[in-house]
Amino acid sequence: MSLSLNRRRFLAATLATGVLPAGAAGAANRKRFGITLHPYYSYVANIVGDRAEVVPIIPAGFNPHAYEPRPEDIQRIGSLDAIVLNGIGHDDFAGRMIAASSKPKLPVVEANADVPLLPAAGSATRASGKVVNPHSFLSITGSVLQVATIARELGRLDPANAEAYTANARTYSRRLRQLRADALGKLASAGDTRLRVATIHGAYDYLLREFGLEVSAVVEPAHGIEPSPAQLAETIATMRRLDVQVIFSELNFPSAYVETIRRETGIRLYSFSHISHGDYTADRFEREMTRNMDTLVQAMLEAKP
């Protein structure tokens with residue numbers, strides 16, 4: 001039975017009788033924590049388990065990069081006890097939504113408060129006056145740090161469940177670290193694999209650095225902004241000059257210029273998931289990051305002479 005159905009029955013029974021239905025007290029007392037992006041749904045769902053409800057404020061199917069707040073989504077914020085935010089540029093729309101909601105003082109958990117942030121590459125994101133890369137969730141290390149911060153802050157807001165949140169966060173973080181260890185283990189027999197890479201946009205720096213790789217060139221001048229013909233020609237020239245071996249694009253990225261680059265350079269093209277589409281599920285982050293790391297391992301092994 002879904003929680004939304006429980007809540008409807010709870011409200012109907014309470015209005016009719018003034019008495020809590022059997023079994024409804026626990027569901028009614030559970031906190032409701034909002035999230036803005038798919039990775040944060042996975043983080044929070046694994047932290048809270050069945051002790052709280054995780055509520056996406058953007059319905060599945062909307063692109064967070066192009067999302068414009070809708071009245072029904074703003075209204076949903078009024079039912080929350082707190083919201084977990086990326087907070088460094090990927091979900092700036094949330095601030096406007098909170099301000100326009102019935103809870104403008106809603107407690108906010110800044111997931112990236114303890115994460116060492118990388119400078120933006122091809123991004124115009126700003127946080128605390130600095131230009132930073134907001135895609136810290138596209139790495140295991142960054143994710144583990146965020147999970148710890150989220151668990152700590154949600155525990156402060158829900159002290160009755162603080163110990164459970166901490167224990168769940170530790171278990172989840174161990175699983176995430178093991179995913180990275182498994183990927184690195186596949187590279188152990190390959191020796192020193194040096195790879196010169198370019199990316200379509202600046203989302204993957206955190207992930208690539210975890211595997212000792214630096215980005216030599218970024219195609220998009222800013223995330224979601226296609227390069228002009230002159231910018232594209234300059235980027236292609238840069239890739240040739242630096243002898244770039246691999247380009248990482250975004251999975252299901254529909255752009256003609258990606259194919260132009262591959263045709264003009266002959267460089268191998270691989271795709272990462274941005275973890276920003278589809279249903280919200282507790283296991284989505286683990287599944288898609290496993291795929292991303294498998295793709296990276298494949299690229300590194302195939303580029304080895």
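Around atom CZ of R240, more than 12 heavy atoms belonging to other residues, nucleotides or ligands sit under 6.0 Å away. Around atom CD of E234, no more than 12 heavy atoms belonging to other residues, nucleotides or ligands sit under 6.0 Å away.
Rounding to the nearest 0.5 Å gives a distance of 9.5 Å between CE of M97 and OG1 of T36. Atom-to-atom distance recorded for L138:CG and S143:OG is 7.5 Å, nearest 0.5 angstrom. Here the CZ-CD1 distance, from R284 to I275, works out to 9.0 Å after rounding to the nearest 0.5 Å. The structure places CG of L154 at 10.5 Å from CZ of R152, a figure rounded to the nearest 0.5 Å. The distance from atom OG1 of T290 to atom CD1 of I140, rounded to the nearest 0.5 Å, is 7.5 Å.
Residues passing the side-chain hydrogen bond (donor to acceptor under 3.5 Å, both in side chains) test with R177: none are found, sequence neighbours excluded. D243 pairs by the salt bridge (charged side-chain N to carboxylate O under 4.0 Å, His left out) definition with R196, not counting sequence neighbours. Scanning for ring pair (Phe, Tyr, Trp, His ring centres under 6.0 Å) contacts around Y43 gives Y40, F285, with sequence neighbours left out. Evaluation of the salt bridge (charged side-chain N to carboxylate O under 4.0 Å, His left out) rule for R262 yields E259 as partners, not counting sequence neighbours. Every side-chain hydrogen bond (donor to acceptor under 3.5 Å, both in side chains) that S273 has, sequence neighbours left out, goes to E288. Remark: D182 engages no residue in a salt bridge (charged side-chain N to carboxylate O under 4.0 Å, His left out) (not counting sequence neighbours). When the salt bridge (charged side-chain N to carboxylate O under 4.0 Å, His left out) test is applied to E110, no partner is found at least two apart in sequence or on another chain. For T141, the side-chain hydrogen bond (donor to acceptor under 3.5 Å, both in side chains) test picks out E210, with sequence neighbours left out. Looking at residues two or more places apart in sequence or on another chain, you find no ring pair (Phe, Tyr, Trp, His ring centres under 6.0 Å) involving F33. Applying the side chain to side chain contact (heavy atoms under 4.5 Å, CB included) rule to A183 yields the partners F211, M293, V297; only residues at least two apart in sequence or on another chain are considered. For T171, the side-chain hydrogen bond (donor to acceptor under 3.5 Å, both in side chains) partners two or more places apart in sequence, or in a different chain, are R174.
Ion pairing between a basic and an acidic side chain is recognised when a charged N comes within 4.0 Å of a carboxylate O; R30 and E53 show no such pairing. Taking a cutoff of 4.0 Å between a charged side-chain nitrogen and a carboxylate oxygen, R96 and D91 do not qualify as a salt bridge. Salt bridge status for R291 with D294: absent, with no side-chain N to carboxylate O gap under 4.0 Å.
Checked by atom type and distance alone, the side chain of E302 never pairs as donor or acceptor with a backbone atom of A299 at under 3.5 Å. Between the side chain of N46 and the backbone N or O of A282, at least one donor-acceptor pair lies under 3.5 Å. The backbone N or O of L118 lies less than 3.5 Å from a partner atom in the side chain of Y206, making a donor-acceptor pair.
Partner of V44 under the side chain to side chain contact (heavy atoms under 4.5 Å, CB included) criterion, chosen from V109, I83, I150: I150.
The ring of Y204 has its center closer than 6.0 angstrom to the ring center of F272. Ring-centre distance between F137 and H38: not below the 6.0 Å cut-off. Residues H274 and H135 place their aromatic rings such that the two centres sit under 6.0 Å apart.
Using a 3.5 Å distance cut-off with no hydrogens or angles, the side chains of D283 and T281 do pair a donor with an acceptor.
Within the structure, the side chain to side chain donor-acceptor pair (under 3.5 Å) test picks out the following pairs touching residues 157-168 (sequence neighbours left out): R51-N161, D158-N161, D158-Y165.
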